[in-house]
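Written below as structure tokens is the structure these notes are about.
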2 protein chains.
Amino acid sequence: MREGPDIARIASLVGDPARANMLTALMGGTALTASELALEAGVSLPTASSHLSKLMEGGLLTLASQGRHRYYGLAGPQVAGMIEAITGVAAAVGPQRVRPGPRDAAMRVARVCYDHLAGEQAVAMLDRLVARQVLLRDDKEIRLGPSAASHFAAIGIDVESKARRPVCRACLDWSVRRSHLAGTLGAAILDKILLEKWARRDKDSRAVIFSPMGKQSFERVFLA
Amino acid sequence: MREGPDIARIASLVGDPARANMLTALMGGTALTASELALEAGVSLPTASSHLSKLMEGGLLTLASQGRHRYYGLAGPQVAGMIEAITGVAAAVGPQRVRPGPRDAAMRVARVCYDHLAGEQAVAMLDRLVARQVLLRDDKEIRLGPSAASHFAAIGIDVESKARRPVCRACLDWSVRRSHLAGTLGAAILDKILLEKWARRDKDSRAVIFSPMGKQSFERVFLA
DNA sequence: TCAATGCTTCGATGAAGGACGAACCATGCG
DNA sequence: CGCATGGTTCGTCCTTCATCGAAGCATTGA
């Protein structure tokens, strides 16, 4: 008999299909209302409400009340990382999907993971940044290299973080099975990509779709 | 309604307390038998067997059959990473540990782990045996040192093992979070402790309670 | 070949919890 | 106000699944 952090409690929260769908939907990074989440999960409103209160009690969600709307969002990057890790295992062992539809292909290329970019593009970007020693990766940790500040300043990103949250963090990519960049820097890069309109978010999935021009710009800046 | 990797299926596997305990026990990296895992999880053998087959079907475990023993281990680093991630969230979200009662205190000091001693005393013992080079520990493995045979013979323990089971094995201690000694040698030492009446087993827990005299003898022999 | 050990399967039981309809609060709007 | 809309709570039904004893299978040792 073991004691310690109650991992079964947390895992069982994710272990219900309705709740898992809700959490997956929230991986897009935007907070959603109870009705939207009920729709995503495919359950009635009372059922969704019950699930949401359980997720709240478990500390996996945050709640922002605005008027008569209640916006639920993931409690933080740590929770997002956990979902990503579980997704990775599920994808690896899962009953191989019938056939990857077009949306899935787009998801593999690039998608939003909470507040940063994930997918092949994101993994390639991190690889390149490490190869150029802008970032340094040892074991599981990622740190800024000596040239990082100037490098990112040149493209309009400030790597100084006032927040308590780490600037760099590795996040395991479920499609590529290798790490991509999370943390405030990862978030800032995604911001820039969307701000510059190099890519847009798909309306009803986590996919991030690059325009032909935007892809070139992204590759020039991050994959050169 | 979302589609994609079935994350609920994987999470619900971890979401049962018995299975979560088993997976946590396997995080030490060493494969364990069904009986050992049943003890760790605090369930009967049939129940454990049922859980194990579910974990196998879910792809979270690997199985190595050796004679009539079946060693279960984590399926890979990706699974271990997922457990880590869940543990991290659980620790961050639920710092409310149960208050340790008197029985728990005794359990922390010394308890039975399958067939050998665990707890602070056991961890201290292994540390001392390694410091004196009676045993050699490299990485995760423990081997007999050159003086081991004579050392243990002097206190009436034969380290020659006819069984296929390893003489020494590391077992991660949940209270101290460091390894203690398992294997046939660990079992033989526990046998001696109980045989010499240095300690007795608590009637309805795994705790092992040393008598004042017994504690002195134990420390003289193993912690000197 | 027989007995012991390790583990799995079967069958029955019981408890946990997910589902939804109806009723109930809260906010916003005319 | 009164009404519509977004959410939650309550009560009840019902499925799921964890649990264990007993029996069965497989391997090893004598």
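- As rounded to whole Å, 15 Å separates atom P of D:dA22 from atom CG of B:Leu45.
- Computed from coordinates, the B:Leu55 CG to C:dT8 P distance equals 12 Å when rounded to whole Å.
- If you check every strand for non-hydrogen atoms under 4.0 Å, A:Ser53 touches nothing.
- Judged as a side chain to side chain donor-acceptor pair (under 3.5 Å), not a single pair has a partner in residues 145-155 of chain B (not counting sequence neighbours).
- Residue A:Glu57 places its CD atom among 12 or fewer non-hydrogen atoms of other residues, nucleotides or ligands, all under 6.0 Å distant.
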(request) Go along nucleotides 22-28 of chain C 5' to 3' and tag each nucleotide: B for a protein heavy atom under 4.0 Å from its base, S when only backbone or sugar atoms are that close, - otherwise. (result) B----BS
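- Checking B:Ser50 against B:Thr47 by side-chain atom types alone, no donor-acceptor pair falls below 3.5 Å.
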(request) Output, in order, the C-alpha distance, side-chain angles, deciding distance and verdict of side-chain hydrogen bond (donor to acceptor under 3.5 Å, both in side chains) for A:Glu84 and A:Thr87. (result) CA-CA 5 Å; A:Glu84 188 78 5; A:Thr87 308; 5.2 Å; no
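- Checked by atom type and distance alone, the side chain of B:Arg19 pairs as donor or acceptor with a backbone atom of B:Leu13 at under 3.5 Å.
- The main-chain N or O of A:Gly28 is found under 3.5 Å from a side-chain atom of A:Arg201 such that the two form a donor-acceptor pair.
- At whole-Å resolution of the value, CD in B:Glu57 and P in C:dT9 are 11 Å apart.
- Whole-Å rounding puts the B:Leu52 CG to D:dC20 P distance at 14 Å.
- Within 4.0 Å of A:Tyr71, counting heavy atoms only, lies no atom of the nucleic acid at all.
- Within 6.0 Å of NZ in B:Lys192 there are more than 12 heavy atoms belonging to other residues, nucleotides or ligands.
- The side chain of A:Tyr72 contributes no N or O atom lying less than 4.0 Å from OP1 or OP2 of D:dG6.
- Proximity of B:Arg70 to the phosphate of D:dT27: no side-chain N or O atom is located under 4.0 Å from OP1 or OP2.
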Interface polar pairs with nucleotides 15-18 of chain D, N/O, under 3.5 angstrom:
{"unit_1": "D:dA18", "atom_1": "OP1", "unit_2": "B:Arg19", "atom_2": "NH2", "d": "3.2"}
{"unit_1": "D:dA18", "atom_1": "OP2", "unit_2": "B:Lys54", "atom_2": "NZ", "d": "2.6"}

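- No more than 12 heavy atoms of other residues, nucleotides or ligands lie within 6.0 Å of CD in B:Gln133, so this atom counts as exposed by the packing criterion.
- In this structure, CG of B:Leu32 is placed 15 Å from P of C:dG6, rounded to the nearest angstrom.
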(request) Could you walk me through whether B:Ile193 and B:Phe218 pass the side-chain contact (heavy atoms from CB on, under 4.5 Å) test, one step at a time? (result) CA-CA 8 Å; B:Ile193 289 168; B:Phe218 173 80; 3.7 Å; yes
